[in-house]
Amino acid sequence: MIKIAQLSCGTEYSGVQYEIEKASRAVGAKMVYPDVEASQIDRSIRDFGFNPVSPQLKLMIARAVHLAEGRYDADAVFIATCFRCAEGALVRNELRRYIQEHTDLPVVTYSFTERMKANQLLTRMEALVTIVSRKELLARERQIGITAGIDSGSTTTKAVVMVDNKIVGKAWTGSGEVLESAQTTLNEALAEAGLKMSDLEAIGTTGYGRFTIGKQMNAKLVQEELTTNSKGAVWLADRQRGEATILDIGGMDNKAITVRDGIPDNFTMGGICAGASGRFLEIVSRRLKVEVTELGALADQGDWRKINMNSYCSVFGIQDLVTSLAEGNTRADVAAAACHSVAEQIYEQQLQEIDVRDPVIQVGGTSLISGMVYAVGEILGKAPIVPPDSQFIGAVGGALLSSGFLEG
Amino acid sequence: MVRETRLVVISPLSEITPDQITRKVHSLGYEVTVKETCYGAVLEGPPETVSKVMQELRALDPLGIYSKIRGFPLGDPKRCRAQHGSRPGFSQLQTEWQSLSLVEKGLECALRGDKAEDIDIPERIPVKDLQRFCEEVE
Amino acid sequence: MKIFIDPPNSLILFDLVERFGHEPLSVMATIQERVDNLEIDMPPMNVTLTDVKNGLKYAGIEVPSGIRGRLAVWGPLIDQAEAAIIMEDAPYSFGCVGCHRTNLLVDFLVRKRKLPTIEIDYPRTEEDARNMVIRVKEFLEGLK
């Protein structure tokens, strides 16, 4: 049983403790709470150097220090505090850094409200468990045999067929009915590769529809998108060794993942606000009467500084953009402002939860929007790498990892 | 059934042992469950019965035995140390237990009819004085 | 009389209030009712989304959920209290009293009700303890 150490404040009184435990049980893990003697707390706080006023935060720190000193055994760490608590946020973030500096344990942080449900945590918990329990599989750097990966995302479904570490077929379509979209894209990818379904030696599925598709197609690997996308990204960018940050701005969820030798050690996943998603860019495209695929080129010609955008919100933000158009601003400036808004919100709300490590590899459908990549680079102060086929990371990761089952 | 779970805590100055507490409870023959702990015992049963038992236990050492109720029932896995680490209230109980020797002495004085004395808490020294001290040290 | 004790889980205050003939309003009693309520399945405390929403009575939506949830449990105790003892500088305690902001708000809500209230410090010396216990005894006896 994988043991996930919980360092938290406020979960029991926010009605979410049960949800945390439910999510961990669903992925075959168990939440544990490092036991600390009261007499050890002052010493731990002194060693750590941050002395919060709230006792529960002091306990969190003492628990982290015990983990780092090896006095308590756990496989992964989950750090959570109440959303909107400044003291909690400071401790949460510093503890995450401390755990990463002093242990090899994978860690995920979460800032919860009373509305958090187990299913919001499932992907994160599953990724923690995968990192711990499938180390060998995740260490795979070469694809072997004939395998396929299917990424059933909220907006698009992608499929890739790989043979001997090369992509030989790929296809994508807008996500409709989950199984049908998966089969259609896979058939297209197979056709491009000149192969048949029966030629496939293994299939890996990821994304929202992974369970349904995995069951139907008898997939060898059914895996959440955090670890799968990381593997796909470092394979595509040829950055399998060393450190990197993977930024995946998706249709609904955004993922920011730090990796060491291709294996995630910290990640954040956001899905609270549509204003920081690919969906926002789609809405803007519609308003500007361009295809979303053309939005990037349009944004490249514009200047976001000319637009007064007072809200990140996908409703009020759009209103600002419309007003800007009415005031005579160009569509290019508006497109640039939309990209900048998404990038800035991701920087402010997500990238603060991890320590961005170079290089940044930008992937996912939105990485095809050049204006979006430019905006991210401008905000980070360095241009991200966009590997070829960057929208296929999940499918590539699925094909690559599922080939691990062909040996032995 | 409405239950009451109650912690019985023996002051560090008291000569009573947790074992004496549990034996006393057993000897009373009431329908309550008792479990010996490092600081005393945990009682569980209907509130009226627990209250009667508590009176008898206090009589063993009126200034040495303290108690409070506990939210979770005896042996509740949700609050088991092996499962969850120490209960959130455990460290407070530990610290308050250590202070019971002080409270016991305070109670002695209070029951004797002593009056409280005002304790002067020194004010912070004026900045000018601090400045003078600093200059003196220099 | 019903006496709200703060910290609401203190052994010393609970014991003193009972010892001098009053009913302590403690968080443990509330938790006891909650954990025994078989109709709710939200362990360990059975604090639910509805509770946290009810906490809005005491603190606004911009206040973290952990504070509103705690207030949903303690607030009704403060509302029904007839007198209160506030002990400042109590030793480390976690869980229900683990959030300093909540503790500040609870102190304030008690003071705002203008109940007969005594404020004492957690004793560090024998002299402190002597004064603390004498004051609490006089306060509680004066309420009768």
Side-chain angles (χ1 to χ4, degrees), chain B residues 1-9 11 39-40 47 51 54 58 62-63 65-73 76-80 83-119 121, chain C residues 5 7-20 23-37 42-46 73 87 90-99 118 120-141:
Chain B
M1 184 198 84
V2 180
R3 61 137 179 130
E4 180 170 308
T5 307
R6 200 173 258 268
L7 305 179
V8 184
V9 184
S11 154
Y39 49 80
S51 177
M54 221 28 250
R58 279 193 195 278
L63 301 190
I65 290 178
Y66 296 80
S67 93
K68 72 166 180 175
I69 55 173
R70 173 181 142 157
F72 286 85
D76 189 328
K78 292 193 287 292
R79 276 295 178 258
C80 166
Q83 298 279 333
H84 284 257
S86 314
R87 285 187 300 112
F90 186 70
S91 51
Q92 182 172 356
L93 189 65
Q94 264 184 322
T95 327
E96 287 200 278
W97 171 77
Q98 281 161 1
S99 306
L100 286 182
S101 48
L102 298 177
V103 175
E104 186 172 346
K105 289 189 174 158
L107 268 172
E108 259 176 44
C109 301
L111 295 172
R112 210 167 44 214
D114 285 5
K115 293 289 163 208
E117 286 162 15
D118 286 329
I119 300 171
I121 298 166
Chain C
I5 56 172
N9 59 346
S10 165
L11 163 69
I12 295 172
L13 293 184
F14 189 98
D15 184 278
L16 289 177
V17 169
E18 262 195 340
R19 198 176 279 267
F20 294 113
E23 181 192 342
L25 292 171
S26 71
V27 73
M28 294 81 73
T30 315
I31 296 293
Q32 182 168 315
E33 281 169 28
R34 284 177 176 272
V35 299
D36 285 354
N37 185 344
M42 194 54 82
M45 300 291 185
N46 274 346
V73 178
M87 183 156 71
Y92 284 153
S93 34
F94 311 113
C96 62
V97 283
C99 169
I118 182 173
I120 51 174
D121 286 325
Y122 189 87
R124 289 164 192 268
T125 63
E126 249 180 66
E127 202 183 1
D128 287 347
R130 180 178 167 278
N131 283 318
M132 189 271 278
V133 177
I134 293 171
R135 287 209 173 94
V136 169
K137 175 176 174 278
E138 284 172 356
F139 172 73
L140 291 170
E141 286 177 346

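Labels below follow one simple rule: chain letters A, B, ... track the order of the sequence lines, proteins then strands, and each chain is numbered from 1.
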Basic-acidic side-chain contact under 4.0 Å: B/K68, B/E96: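 Here B/K68 does not pair with B/E96 in a salt bridge, since their nearest N and O are not under 4.0 Å apart.
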Of the backbone (N, CA, C, O) and the side chain (C-beta and beyond), which part of [X] lies under 4.5 Å from a heavy atom of chain B, both, or neither?
X: C/P24; result: neither
X: C/V17; result: neither
X: C/E138; result: side chain
X: C/R124; result: backbone
X: C/S10; result: both

Quick check for you: among B/S101, B/G106, B/S67, which has the greatest number of heavy-atom pairs under 4.5 Å with chain C?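 Of the candidates given, the most pairs with chain C belong to B/S67.
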Given a strict heavy-atom distance threshold of 4.5 Å, which part of [X] is in contact with chain C: side chain, backbone, both, or neither?
X: B/V9; result: side chain
X: B/R112; result: neither
X: B/L63; result: both

Could you check which of C/K137, C/M132, C/R34, C/R19 has the highest count of heavy-atom pairs closer than 4.5 Å to chain B?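 Highest number of pairs under 4.5 Å: C/R19.
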For residues 127-136 of chain C, which residue pairs qualify under salt bridge (charged side-chain N to carboxylate O under 4.0 Å, His left out), counting only residues two or more places apart or in two chains?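 Passing the test, one end in residues 127-136 of chain C: B/D114-C/R130, B/E117-C/R130, B/D118-C/R135.
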Can you tell if the side chain of B/T5 reaches within under 4.5 Å of the side chain of B/F72, non-hydrogen atoms only?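 Result no, sub-4.5 Å side-chain heavy-atom pair not found.
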B/S99 (side chain) donor-acceptor with B/L102 (main chain) under 3.5 angstrom: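 A pair under 3.5 Å: no.
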Could you state the interatomic distance from CG (C/L25) to CZ (C/F14), rounded to the nearest 0.5 Å?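 Rounded to the nearest 0.5 Å, the CG-CZ separation comes out at 9.5 Å.
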Testing the basics here: between C/F20 and B/L107, what is the closest heavy-atom pair and its distance to 0.1 Å?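 For C/F20 and B/L107, the tightest heavy-atom pair comes out as CZ-CD2, 3.7 Å.
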Check the surroundings of atom CD in C/E126: do more than 12 heavy atoms from other residues, nucleotides or ligands lie under 6.0 Å from it?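 Atom CD in C/E126 is not packed in, count stays at 12 or less.
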